[in-house]
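Okay, so here's the structure we're looking at.
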Amino acid sequence: MTRLRPERAPDWLRPVLDGIRDVDAATLSRHGIPPPADGRRSAVLILFGHDAEHGPDVLLTERASTLRSHAGQVSFPGGRTDPGDADAVATALREAEEETGLVPDGVVPLAVLPDLFIPPTGYVVAPVIAHWADPTAVHAVDPSETATVVRVPVATLADPVNRFQVRHPSGYVGPAFSVAGLIVWGFTGGLLSTLLHLGGWERPWNASRVRDLDEAWAAVRAEGREVAES
């Protein structure tokens, strides 16, 4: 089993560890359904780094638009558990390395959150909180799987201008962010929103502002085209 090292967390990350100390799955997930014993196991890496110019940041990936499931969605690096993985930390680090090219030796695992069940996919997800003590360059290793890899400043995520609620065609309404030319929503958006709150990073924002998902994506793409043409 991989040893967790919460004592190695930098001071700026300790409020997050304090906030998640007694957190339960119901607080972290909107579904509130206990993970089934036979659920497909997976893990994601919630990797916090620090940039001298922008402060704390988190690593996110955008799935390729050609994938059969969850195409174009933004997520934490991660994926399904392999038989050879020792634990959730091993899964999260292996998947993150495969997707982004990060060097696992520079990552310090700090905590593993309660298992979360995602009914639409059938996966039981173990979120791993970690500190990027020795950051390395990252990129989309396999463009057929990953379109973009970005480090998004926590300050940008917490900025009320970038926050709203998104409405999916299925009827789902939940927290979302418009950052780095991307829309972060669903499982990742909800978990980020909760961590901002628990870690004391949240700023007051207008939760009554609801945007349709397709319209939000269209607006972001139009802004991207304007920037590219200017």
**Report entry** Closest non-hydrogen atom pair, Leu47 against His131
**Finding:** CD1-C, 3.8 Å

Requested in this report: Would you indicate whether Asp22, at its atom CG, is surrounded by more than 12 heavy atoms from other residues, nucleotides or ligands within a distance under 6.0 Å?
Outcome: no

**Report entry** Flag side-chain contact, heavy atom, 4.5 Å: Tyr172 against Leu213
**Finding:** no

Query raised in the report: What's the shortest heavy-atom distance between Phe117 and Pro35, and which atoms?
Result: CB-CA, 3.8 Å

Query raised in the report: If every non-hydrogen atom of Thr91 is compared with every non-hydrogen atom of Gly79, which pair is closest and at what distance?
Result: CG2-O, 3.5 Å

Report summary line: Output for pair (Asp87 CG, Arg3 CZ), nearest 0.5 Å, gives 14.0 Å

Query raised in the report: Asp142 and Thr146: side chain to side chain contact (heavy atoms under 4.5 Å, CB included), yes or no, with the steps?
Result: CA-CA 6 Å; Asp142 183 353; Thr146 306; 5.9 Å; no

Requested in this report: I would like to know whether Val166 and Val173 meet side chain to side chain contact (heavy atoms under 4.5 Å, CB included); could you show each step before the answer?
Outcome: CA-CA 5 Å; Val166 73; Val173 176; over 6 Å; no

Query raised in the report: Under a 4.5 Å side-chain heavy-atom rule over Ile, Leu, Val, Met, Phe, Trp and Tyr, are Val74 and Ile46 clustered together?
Result: yes

Query - Carboxylate-amine/guanidinium contact Arg151 Asp51, below 4.0 Å - result: no

Report summary line: Heavy-atom nearest pair, Pro127 first then Pro114, reads CD-O, 3.6 Å

Report task. For Ser193 and Arg163, test the side chains for any donor-to-acceptor distance below 3.5 angstrom and give the result as yes or no. Result -> yes

Query raised in the report: Would you say Thr188's side chain and Val184's backbone share a donor-acceptor pair under 3.5 angstrom?
Result: no

Query raised in the report: Using 30° and 60° as the class limits, which term best fits the ring planes of His50 and Trp12: parallel, tilted or perpendicular?
Result: tilted

Query raised in the report: Between atom CG of Asp24 and atom OG of Ser29, what is the distance when rounded to the nearest 0.5 Å?
Result: 10.5 Å

Query raised in the report: Should Thr100 and Val141 be marked as a side chain to side chain contact (heavy atoms under 4.5 Å, CB included) after you check the CA-CA gap, both sets of side-chain angles, and the distance that decides it?
Result: CA-CA 6 Å; Thr100 73; Val141 174; 5.6 Å; no

Report task. Might you point out which heavy atoms bring Pro6 and Leu17 nearest each other, and give the distance in Å? Result -> O-CD1, 3.9 Å

Query raised in the report: Would you call Val149 and His139 a side-chain contact if the rule is heavy atoms closer than 4.5 Å?
Result: no

Query raised in the report: Can any side-chain N or O of Asn162 pair as donor or acceptor with the backbone N or O of Phe177 at less than 3.5 Å?
Result: no

Requested in this report: Evaluate the side-chain proximity of Val112 to Ile129: yes if any heavy-atom separation is below 4.5 Å, no if none is.
Outcome: no

Query - Value rounded to 0.5 Å, distance of CG in Leu93 from CG in Asp105 - result: 9.5 Å

Requested in this report: Answer with yes or no whether the hydrophobic clustering places Val154 together with Val150; edges join I, L, V, M, F, W, Y residues whose side-chain heavy atoms lie under 4.5 Å apart.
Outcome: yes

Query raised in the report: From Thr81 OG1 over to Glu95 CD, what is the distance, rounded to the nearest 0.5 angstrom?
Result: 8.5 Å

Query - CZ (Arg14) with more than 12 external heavy atoms under 6.0 Å - result: yes

Query raised in the report: Is the shortest side-chain N to carboxylate O distance from Asp85 to Arg41 below 4.0 Å?
Result: no

Query raised in the report: Does Trp185 have its ring centroid less than 6.0 Å away from the ring centroid of His168?
Result: yes

Requested in this report: Starting at CG of Leu102, measure out to CD of Glu97 and round the result to the nearest 0.5 Å.
Outcome: 6.5 Å

**Report entry** CA sep, side-chain torsions, deciding dist, call: Ile118, Val125, side chain to side chain contact (heavy atoms under 4.5 Å, CB included)
**Finding:** CA-CA 7 Å; Ile118 314 298; Val125 183; 3.8 Å; yes

Query raised in the report: If you group Ile, Leu, Val, Met, Phe, Trp and Tyr by side-chain heavy-atom gaps below 4.5 Å, do Trp132 and Val44 land in one group?
Result: no

Query raised in the report: Does Thr61 use its side chain to pair, donor to acceptor, with the backbone of Ser75 at less than 3.5 Å?
Result: yes

Requested in this report: Check whether Val138 and Val128 end up in the same hydrophobic cluster, where Ile, Leu, Val, Met, Phe, Trp and Tyr are linked by side-chain heavy atoms less than 4.5 Å apart.
Outcome: yes

Requested in this report: Give a yes-or-no answer on whether the side chains of Thr156 and Asp159 include a donor-acceptor pair shorter than 3.5 Å.
Outcome: no

Report summary line: Tightest non-hydrogen contact, residues Glu62 and Trp217, listed as OE2-CH2, 4.4 Å

**Report entry** Check: Thr121 side chain, Tyr123 main-chain N or O, donor-acceptor pair, under 3.5 Å
**Finding:** yes

**Report entry** Pairwise side-chain contact, Leu192 with Phe76, heavy-atom cut-off 4.5 Å (strictly under)
**Finding:** yes

Query - Joint cluster assignment, Ile20 & Leu59, ILVMFWY side-chain distance < 4.5 Å - result: no

Query raised in the report: How many angstroms lie between CZ in Arg211 and OG in Ser178, if you round to the nearest 0.5 Å?
Result: 6.0 Å

Query - Side chains of Trp205 and Val161 in contact at under 4.5 Å (non-hydrogen atoms) - result: no

Query raised in the report: Looking at side-chain heavy atoms only, is the closest gap between Val58 and Leu195 below 4.5 Å?
Result: no

Query raised in the report: Hey, are the side chains of Leu4 and Leu110 touching, using non-hydrogen atoms and a 4.5 Å cut-off?
Result: no

Query raised in the report: Does some side-chain heavy atom of Leu28 sit less than 4.5 Å from a side-chain heavy atom of Leu116?
Result: yes

